[in-house]
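All remarks here apply to the structure that follows.
Just follow the structure's listing: the first ligand is 1, and inside any ligand the first atom is 1.
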Amino acid sequence: MTSMANTHNGKLFIETVGCQMNMLDSELVVGALRKQGYSLTDDPSDADTILFNTCSVREHAEHKIYSALGRLKYSKQARPNQVIGVLGCMAQKDQALVFQRAPHVDLVVGTGQLAEVPQLIEAARSRRERALAVSLDRKEAGRAAVSDSFQSYDPLREPAMRPSPHQAFVRIVIGCDKFCTYCVVPMTRGPEQSRPPRDILQEVKVLADQGVKEVTLLGQTVNSYKHTQDGKLFRLSDLLEHIHGVKGILRLKFVTNFPKDMTDDLLQAVRDLPKCAQYLHVPAQSGCNEMLKRMKRGYTVEDYREMFGRIRSTLPHAAVSSDFIVGFCGETAEAHQKSLNLISECRFKNSFIFKYSPRPGTKAFELYADDVPEDVKKQRNNEMLLLQNQISAEDNAGFIGDEVEVLVEGFSKVQLKKADLGPVSGPSQLTGRTSCDRIVVFDGNPRLAGSLASIEVDDVTPTTLIGHIVTREVQHGSSVLLPILA
Ligand code: SAH
Ligand code: SF4
Ligand code: F3S
């Protein structure tokens, strides 16, 4: 990695915060840089290239990155050729403000310009110039021009950056058009655009050839997917049907669903295509109509209930999870209670609960006072978490004694921690997920990763099923099928 004017050690450190879309973007950026000879390091002090892939959805996520940047203030003194880049949603949202707050940053690259990262890094290093590459503001130009400036970046794949070698994300919808009043995503990710089915299918085939068994289709409103190709309209249900045919793929998931776009054709596809996970993430955000209206979610609690009923009748065994915001502007104790009631009624598998964080540039920030005190937000958050945990624990307990089919992911967190402390002997603790997205831990041979295994559940926690591998002899036919044990 040496040229006269452009010397660096080829080591890249990248920190990623935010949603799965960001994890995918980081995988793709790292893939492009590896092609140029870079290698990853987990030690920023050893890296001549430092990237942060950022999130703006809550203030806390931004703080985390600005603090990390603050710690690097003097690091260029030791490494004059170091390049520090801020990528993703906060780059798009804060733009040149990033340079003001962290003058040692060289690059600010939005979600729509990630393809330019390798070239921008080289330019920054050789010319020691700052670069700002972002998309157009949504109010700045017409829809087509703005959409064009948010280029989808879905090139080569980087197996080493995946959560596990057998699992991969595939982007199908870029951006968002829902404009919920609290949310920055329509600004940071741009207009909603569905990628062509042809490209998506091709990508899944490449991944399957690389050994991927589980594909998770991504979109902020993944079920709003719509694309006309060769005169035919493709919805998410059509896409699932096509991907279902790809050899090697064992499981298909998609996140996140928008309640109003949860159509029957999609539910029927999940019912009829056996590779589809029996799992739907459909955030409600609140159980109170006044709050939903202020959030501009476009549905009422009654609408959500109707949709939930259709899920239950078409997919009786599917797990449904949700997101909730507590302490949104004007949320009264009664409004909060209505959210708790919705959780009790729907018995979500799990809920991601967030304290409202006012975001400059959003409608809620402009129109409504952030009038729920922090301690009340905290207390509502804890109360909701407690209720959800109780429901999750009760529902998980119903699995004790059952045999579940699990797609094995690899070592469990406990096992990885043990391995960090030194050599481990005896069987390994593995982790995997059921089709209904429940995490299962059990002892087994690590070679099982990427395959399906039958596990009998012995015990549970609110988040995890704990079990053992079922060893079974096949009754019919000549072969005896025994799972590989450690
Ligand atoms: N597109 C997805 C989620 C996007 S962001 C959807 O519509 O469901 C992930 C979650 O962050 C949201 O579901 C919401 O619960 C939460 N969130 C978004 N903006 C927030 C804010 N300003 N304060 C607190 N939580 C927020
Ligand atoms: Fe944000 Fe709403 Fe779009 Fe989700 S649907 S990304 S919450 S604006
Ligand atoms: Fe955050 Fe951007 Fe995802 S704001 S939640 S990283 S789309």
Side-chain angles (χ1 to χ4, degrees), residues 15-26 52-62 64-65 86-94 110-112 114 135 138 150 152-153 169 171-193 218-225 254-262 280-287 291-292 294-299 304 320-329 331 339 348 350-366 368 370 372 374 377-378 380-381 384:
E15 182 173 334
T16 306
V17 292
C19 62
Q20 287 133 324
M21 203 65 101
N22 261 18
M23 287 168 69
L24 172 59
D25 282 338
S26 289
F52 294 96
N53 196 6
T54 61
C55 172
S56 281
V57 84
R58 283 168 290 277
E59 197 182 8
H60 175 72
E62 294 189 341
K64 209 173 144 183
I65 297 300
V86 172
L87 320 179
C89 289
M90 194 179 83
Q92 178 61 38
K93 175 176 155 284
D94 282 0
T111 55
L114 296 176
S135 301
R138 290 194 72 155
F150 280 93
S152 170
Y153 178 50
F169 296 126
R171 187 179 348 247
I172 68 164
V173 185
I174 311 155
C176 181
D177 276 349
K178 303 293 184 199
F179 286 99
C180 304
T181 54
Y182 50 81
C183 185
V184 291
V185 173
M187 279 181 281
T188 62
R189 293 267 169 191
E192 182 188 302
Q193 305 181 64
L218 295 185
Q220 293 299 340
T221 56
V222 74
N223 55 340
S224 314
Y225 180 87
F254 50 91
V255 286
T256 301
N257 293 287
F258 193 69
K260 257 178 59 172
D261 295 335
M262 211 65 204
L280 298 168
H281 183 208
V282 203
Q285 309 296 359
S286 171
M291 289 297 106
L292 289 172
R294 274 195 160 196
M295 291 175 170
K296 207 172 138 288
R297 287 288 285 181
Y299 54 84
Y304 190 90
V320 181
S321 63
S322 181
D323 293 0
F324 282 90
I325 296 177
V326 295
F328 187 56
C329 317
E331 189 189 63
S339 289
F348 298 110
N350 64 298
S351 291
F352 300 94
I353 302 162
F354 306 102
K355 289 180 286 172
Y356 171 58
S357 168
R359 309 284 46 227
T362 59
K363 270 276 173 267
F365 187 84
E366 215 178 275
Y368 311 120
D370 173 27
V372 178
E374 183 57 29
K377 284 183 186 170
K378 207 175 268 174
R380 289 182 188 171
N381 185 94
M384 192 175 275

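- Within the 4.0 Å heavy-atom shell around ligand 1 one does not find Thr221.
- Between Asn257 and ligand 1, no N or O atom pair is found at a separation short of 3.5 Å.
- Ligand 1 has no N or O atom lying under 3.5 Å from any N or O atom of Tyr356, backbone or side chain.
- A salt bridge links Glu374 to Lys355: one of the charged nitrogens lies within less than 4.0 Å of a carboxylate oxygen.
- With atom 14 (C) of ligand 1 as the reference point, the heavy atom nearest to it among Lys377, Arg189, Gln285 is part of Gln285.
- Considering only non-hydrogen protein atoms, atom 4 (S) of ligand 3 sits nearest to Ser56 N, 3.3 Å.
- The closest side-chain heavy-atom distance from Asp323 to Gln285 is below 4.5 Å.
- The shortest side-chain heavy-atom distance between Val173 and Phe254 does not fall under the 4.5 Å cut-off.
- Not a single heavy atom of Lys178 sits less than 4.0 Å from an atom of ligand 1.
- Looking at Thr362 and Cys183, their side chains never come closer than 4.5 Å, going by heavy atoms from C-beta outward.
- By the 4.0 Å heavy-atom criterion, Phe258 is excluded from the residues contacting ligand 1.
- Note: an N/O pair closer than 3.5 Å links Tyr182 and ligand 1 by distance alone.
- Contacts of Gln220 classified as side-chain hydrogen bond (donor to acceptor under 3.5 Å, both in side chains), with partners at least two apart in sequence or in another chain: none.
- Close to ligand 1: Arg297, with a non-hydrogen atom less than 4.0 angstrom away.
- Not a single heavy atom of Val185 sits closer than 4.0 Å to an atom of ligand 1.
- Scanning for side-chain hydrogen bond (donor to acceptor under 3.5 Å, both in side chains) contacts around Thr221 gives Ser224, with sequence neighbours left out.
- Contact annotation for Ile325 and ligand 1: only side-chain heavy atoms (C-beta onward) come within less than 4.0 Å of the ligand.
- The distance cut-off of 2.8 Å around atom 3 (Fe) of ligand 3 captures these protein N, O or S atoms, sorted by chain and number: Cys19 SG.
- Inter-residue side-chain proximity for Pro186 and Lys178 is flagged as unmet; no heavy-atom pair is nearer than 4.5 Å.
- Side-chain atoms of Arg380 do not come within 3.5 Å of backbone N or O of Gly327 as any donor-acceptor pair.
- Remark: Arg294 is positioned above the aromatic ring of Tyr368, its terminal NZ or CZ atom under 6.0 angstrom from the ring centre and at most 45 degrees off the axis.
- Glu62 places no side-chain N or O within 3.5 Å of a backbone atom of Met90 that could act as its donor or acceptor partner.
- Each protein N, O or S atom less than 2.8 Å from atom 2 (Fe) of ligand 2 was counted, giving 1.
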